[in-house]
Protein chains: 2
Amino acid sequence: MSTPAALETFERFLRQKGLRVTGQRKAIFEAALSQKEHFTAEQLLERVRALDPGGRVSRATVYRTLPVLTESALLREVDIGTGEMFYMPNVGKVAQVAQVVCLDCDRIFEISAPFMEWYGSTVSTRLGLTPVSQRLQVSARCDTLKRTGTCRYRDQAGPRRKARLTG
Amino acid sequence: MSTPAALETFERFLRQKGLRVTGQRKAIFEAALSQKEHFTAEQLLERVRALDPGGRVSRATVYRTLPVLTESALLREVDIGTGEMFYMPNVGKVAQVAQVVCLDCDRIFEISAPFMEWYGSTVSTRLGLTPVSQRLQVSARCDTLKRTGTCRYRDQAGPRRKARLTG
DNA sequence: CTGCCTGCAAACTCTTTGCACGAAT
DNA sequence: ATTCGTGCAAAGAGTTTGCAGGCAG
């Protein structure tokens, strides 16, 4: 569940941008903020419909609303290079975080990476650029899986890109 | 142009994997290794056809050959989150590199990031994972553009994702 | 009322794939 | 001769968009 305070933040943001406060936008907002894990646009749509069976929210509106939510800093976009975009409620401060993606269970772990910002500006400045954002992502394999045959984590949508040249 | 030595490496790799040494694969190899910058599958196809106007190489074959080239370590895949994959001839050692992407001119700069590997293993181990690879990417804006209105660099395919909520 | 928002479905982009033919071994 | 490789076009996945009607302001 989302806090009423967050909803107000959202409505304020909408009005401030000259956008209308519609039922769909509020429903999508509620569904998004109620997520505990990373989620895709499709998963968000399911959740919206689950939370409000009577409501009519289309896929298109979800896709059109997601950018609004990320620009209002209520959500954070996470691209792990699987072809689909992931989103995450932006609880607390917008700390610099990196992702560790397990290639076995497809789970996304977030870890703080405070040095990233420093690094980005150091390198960018040298190139005559001003850093806007930085992403660090580690792909890894599950040790437990290798030993016991099972991974203790399981969920999340899997990468689209197929294994290559497995021979 | 690619060195004959590299071509031999490629042919050796193919045979070792039980793959056939075809004209198309060699043509694609030549075109790929002749690139100086990052390139997409589409750009590679254009280059293949430009270098060998008589040859018949299809888009499908380019897509099917790219994984072979990356697995033979002759190319490196670079995903900057634009929806299309970029490739780069893997000259010299496979050092840990990060990318700085200029949002104004869409150019991709590569910088060495030696600490990345250490960081990946530190964090992964703590999660019970074994790191496979890591990506660090900095998005930045061009200072020159902001001041003078022009960017000194210009080329490369641009991001697919459109600007959002520009109002 | 006016015009932004929405739903629907079609369009789009990049990439993958099924199938029948052609070529490497 | 066998297979694997290739070309073609269609399929796929995720996301965007044109259009007509609907609802917020």
Side-chain angles (χ1 to χ4, degrees), chain A residues 10-12 14-29 38-46 48-49 52 54-70 77-87 157-167, chain B residues 10-12 14-29 38-46 48-49 52 54-70 77-87 157-167:
Chain A
F10 182 51
E11 295 194 6
R12 202 173 309 123
L14 288 178
R15 278 190 265 268
Q16 172 187 316
K17 282 280 179 180
L19 301 173
R20 293 180 179 173
V21 180
T22 67
Q24 287 91 332
R25 283 177 175 159
K26 285 193 285 189
I28 293 169
F29 164 83
H38 295 80
F39 58 92
T40 62
E42 197 61 36
Q43 293 171 332
L44 177 56
L45 177 62
E46 286 171 25
V48 170
R49 291 181 170 165
D52 183 12
R56 311 274 85 251
V57 175
S58 71
R59 177 170 290 102
T61 299
V62 168
Y63 275 103
R64 283 191 272 236
T65 303
L66 278 169
V68 178
L69 288 167
T70 58
E77 257 189 353
V78 179
D79 178 2
I80 62 168
T82 54
E84 61 210 325
M85 190 65 80
F86 285 85
Y87 297 87
R160 184 195 61 177
R161 227 166 287 286
K162 305 296 185 305
R164 296 167 161 176
L165 207 70
T166 321
Chain B
F10 182 51
E11 295 196 5
R12 202 173 308 125
L14 288 177
R15 278 190 263 270
Q16 171 188 316
K17 282 279 181 183
L19 301 173
R20 293 179 178 173
V21 179
T22 66
Q24 287 90 332
R25 282 178 176 159
K26 287 193 285 189
I28 293 169
F29 164 84
H38 295 80
F39 58 93
T40 62
E42 198 60 35
Q43 293 170 332
L44 177 56
L45 177 61
E46 284 171 25
V48 169
R49 292 181 170 165
D52 183 13
R56 306 283 77 254
V57 175
S58 70
R59 176 171 291 100
T61 298
V62 168
Y63 275 105
R64 283 191 272 236
T65 302
L66 279 169
V68 178
L69 289 167
T70 58
E77 256 188 357
V78 178
D79 178 4
I80 62 166
T82 54
E84 61 210 327
M85 190 64 79
F86 285 85
Y87 296 87
R160 184 194 61 177
R161 227 166 287 287
K162 307 296 186 304
R164 297 165 161 177
L165 207 70
T166 321

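The sequence lines fix the lettering, A, B, ..., with proteins before strands; numbering per chain opens at 1.
To the nearest angstrom, P of C:dC4 lies 15 Å from CG of A:Leu14. The CZ atom of A:Arg49 sits 14 Å away from the P atom of C:dT6 (whole-angstrom rounding). As rounded to whole Å, 10 Å separates atom P of C:dT15 from atom CG of B:Asp79. Atom P of nucleotide D:dA24 and atom CD of A:Glu11 are separated by 13 Å, given to the nearest angstrom. Rounded to whole Å, atom P of D:dT15 lies 6 Å from atom OH of A:Tyr87. Across the protein-nucleic acid pair, B:Phe39 atom CZ and C:dC14 atom P stand 16 Å apart, rounded to whole Å. The distance from atom CG of B:Asp52 to atom C1' of D:dT6 is 15 Å, rounded to the nearest whole Å. Rounded to whole Å, atom P of C:dC5 lies 13 Å from atom NZ of A:Lys17.
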Report all interatomic pairs (protein N or O, nucleotide N or O of nucleotides 21-25 of chain C) with separations under 3.5 Å.
unit_1: C:dA24; atom_1: N3; unit_2: B:Arg20; atom_2: NH1; d: 3.4
unit_1: C:dT25; atom_1: OP1; unit_2: B:Val21; atom_2: N; d: 3.4

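Distance from the side chain of B:Ala60 is smallest for D:dA9 among the nucleotides C:dC8, D:dT15, D:dA9. With C:dC5, C:dT15, C:dA9 as the candidates, the nucleotide lying closest to the side chain of B:Arg59 is C:dT15. The side chain of A:Glu84 lies closest to D:dT15 when the candidates are D:dT15, C:dT15, C:dC8.
In this structure, the side chains of B:Leu44 and B:Leu66 come closer than 4.5 Å at one or more pairs of heavy atoms. With contacts defined as side-chain heavy-atom distances shorter than 4.5 Å, the pair B:Asp79/B:Phe86 does not qualify.
Looking at residues two or more places apart in sequence or on another chain, you find no side chain to side chain donor-acceptor pair (under 3.5 Å) involving B:Thr22.
Dashed line: the shortest gap from a side-chain N or O of B:Arg64 to OP1 or OP2 of D:dG5 is not under 4.0 Å. Applying the 4.0 Å criterion to OP1 and OP2 of C:dT15, one finds that B:Tyr63 has a side-chain N or O inside that range. Applying the 4.0 Å criterion to OP1 and OP2 of C:dG7, one finds that A:Thr61 has a side-chain N or O inside that range.
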Would you list the atom pairs, donor with acceptor, under 3.5 Å between side chains in residues 56-63 of chain B and any protein atom, with sequence neighbours excluded?
unit_1: B:Ser58; atom_1: OG; unit_2: B:Thr61; atom_2: N; d: 3.3
unit_1: B:Ser58; atom_1: OG; unit_2: B:Thr61; atom_2: OG1; d: 3.2
unit_1: B:Arg59; atom_1: NE; unit_2: B:Glu42; atom_2: OE1; d: 3.0
unit_1: B:Arg59; atom_1: NH2; unit_2: B:Glu42; atom_2: OE2; d: 2.6

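Rounded to the nearest 0.5 angstrom, A:Glu11 CD and A:Arg25 CZ are separated by 11.5 Å. In this structure, CZ on B:Phe10 lies 11.0 Å from CZ on B:Arg15, to the nearest 0.5 angstrom. Atoms CD and OH, on B:Glu77 and B:Tyr87 in that order, are 4.5 Å from each other to the nearest 0.5 Å.
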